[in-house]
Amino acid sequence: MKLCDLTLPTPEENLACDEVLLDLCEAGDSDELLRFWASPQYFVVLGYANKATTEVNLPYCQQLGIPVLRRCTGGGTVLQGPGILNYSLILRIDESGPCHSTPATNQFILERHRDALASLVLAPVEWRGQSDLAVGGLKFAGNAQRRHRRYLLFHGSFLLHLDLELLE
């Protein structure tokens, strides 16, 4: 697996990078990889099927100059920006492997995250819903995926030091 520690200048470029990396792997031009990135500016990102008019305070975002974007994966709407660490995993889909289905991929990755993070935060980390992690009932990580024929993109965000007042 290749490691790619790459943050591009804009939120749009960072979201597009995940799609390009997935397409490169699918085309046979790259192999599995892990990318880390963090946005220096705030933006709201919608899952591919979410509706901005019902999930985002659009006038508030416009007033503050916070862009509202859409990503290629499902999942919920997320506020991104300073204080959030993002990662993107591009993994091979193997019918007999741990990523053979959406639920199996969630289990494979989130159980590893849960176990690794529990020793760092010195508290039990809970796997909640289909793709979230929480400590003490408070969500701190969300994840989503997009699947092609041979490869999948599994990406997520870890809330580290986000300005929580912006969430409202």
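A continuous path of ILVMFWY side-chain contacts below 4.5 Å connects Leu79 to Val68, so both sit in one hydrophobic cluster. Leu15 is not connected to Val20 by any chain of hydrophobic side-chain contacts under 4.5 Å among Ile, Leu, Val, Met, Phe, Trp and Tyr, and they are in different clusters. Note: the hydrophobic cluster containing Leu64 also contains Ile84 (ILVMFWY, side chain heavy atoms under 4.5 Å, direct or indirect links). Val78 is not connected to Ile66 by any chain of hydrophobic side-chain contacts under 4.5 Å among Ile, Leu, Val, Met, Phe, Trp and Tyr, and they are in different clusters. If you chain together hydrophobic residues whose side chains sit under 4.5 Å apart, Leu85 and Leu138 never meet in one group.
Taken from CD in Gln107 to OG1 in Thr102, the straight-line distance is 13.0 Å, to the nearest 0.5 Å. Note that the SG atom of Cys99 and the CG atom of Asp94 stand 9.0 Å from one another [nearest 0.5 Å]. In this structure, CG in Asp23 is found 4.5 Å from NE2 in His148, a value given to the nearest 0.5 Å. A distance of 9.5 Å separates CD1 of Ile90 from CD of Glu32, quoted to the nearest 0.5 Å. Atom CG of Leu33 sits about 9.0 Å away from atom CG of Leu24, to the nearest 0.5 Å. Interatomic distance, CD of Gln63 versus CG of Asn57, reported as 9.0 Å (0.5 Å rounding).
Proximity of a side-chain donor or acceptor of Arg114 to a complementary backbone N or O of Leu117 within less than 3.5 Å is not detected. Here the side chain of Arg71 pairs no donor or acceptor atom with the backbone of Ala16 at under 3.5 angstrom. A donor-acceptor contact shorter than 3.5 Å links the side chain of Asn50 to the backbone of Gly47. Side chain of Ser30 to main chain of Cys25: no donor-acceptor pair is present (N/O by atom type, distance under 3.5 Å, no hydrogens or angles). Between the side chain of Asn143 and the backbone N or O of Ser131 there is at least one donor-acceptor pair closer than 3.5 Å. Arg128 contributes no side-chain N or O that, together with a main-chain N or O of Leu133, makes up a donor-acceptor pair within less than 3.5 Å.
Considering all non-hydrogen atoms of both residues, Phe43 and Leu69 come closest at CD1-CD1, 3.8 Å. Residues Thr73 and His155 approach most closely at OG1-NE2, 2.7 Å, considering heavy atoms. Shown here for Val135 and Ala123, the closest heavy-atom pair between the two residues is CG1-CB, 4.0 Å. Annotation for Gly142 and Asp132: closest pair CA-OD1, 3.5 Å, computed over non-hydrogen atoms. When all heavy atoms of Pro67 and Tyr42 are compared, the closest pair comes out as CD-O, 3.4 Å. Nearest approach of Pro11 to Ser39, heavy atoms of both residues: CG-OG, 4.2 Å.
Counting only N and O atoms by type, the side chains of Asn14 and Arg35 include a donor and acceptor under 3.5 Å apart. Side chain to side chain, Asn106 and Glu111 fail the donor-acceptor criterion of an N or O pair below 3.5 Å. Judged purely by distance below 3.5 Å, without hydrogens or angles, the side chains of Thr105 and Arg147 pair a donor atom with an acceptor atom.
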message: Working note: Cys17 + Trp37, criterion side-chain contact (heavy atoms from CB on, under 4.5 Å); need CA distance, chi angles, decisive distance, verdict.
response: CA-CA 10 Å; Cys17 183; Trp37 64 278; over 6 Å; no

side-chain contact (heavy atoms from CB on, under 4.5 Å) between Leu153 and Ser88, intermediate numbers included: CA-CA 7 Å; Leu153 162 64; Ser88 307; 4.0 Å; yes

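With sequence neighbours excluded, no residue satisfies side-chain hydrogen bond (donor to acceptor under 3.5 Å, both in side chains) with Glu26. Applying the side-chain hydrogen bond (donor to acceptor under 3.5 Å, both in side chains) test to Asn86 and every residue at least two apart in sequence or in another chain returns Gln80, Ser157. Annotation: side-chain hydrogen bond (donor to acceptor under 3.5 Å, both in side chains) contacts of Arg146 (sequence neighbours excluded): none. With sequence neighbours excluded, the residues satisfying side chain to side chain contact (heavy atoms under 4.5 Å, CB included) with Asp5 are Phe36. Contacts of Pro98 classified as side chain to side chain contact (heavy atoms under 4.5 Å, CB included), with partners at least two apart in sequence or in another chain: Phe108. Residues forming a side-chain hydrogen bond (donor to acceptor under 3.5 Å, both in side chains) with Thr77 (at least two apart in sequence, or on another chain): Glu55.
For the pair Ile93/Arg150, no side-chain contact is recorded, criterion being any heavy-atom separation below 4.5 Å from C-beta on. Between Cys61 and Val44, some side-chain heavy-atom pair lies under the 4.5 Å cut-off. Between Tyr151 and Leu91 the shortest side-chain heavy-atom distance does not fall below 4.5 Å. Proximity of Met1 to Leu89: side-chain heavy atoms (C-beta onward) are separated by under 4.5 Å at one or more points. With contacts defined as side-chain heavy-atom distances shorter than 4.5 Å, the pair Thr54/Lys51 qualifies.
When each of Phe140, Phe158, Trp127 is checked for a ring-ring contact (aromatic ring centres under 6.0 Å, His included) with His113, only Phe158 meets the rule.
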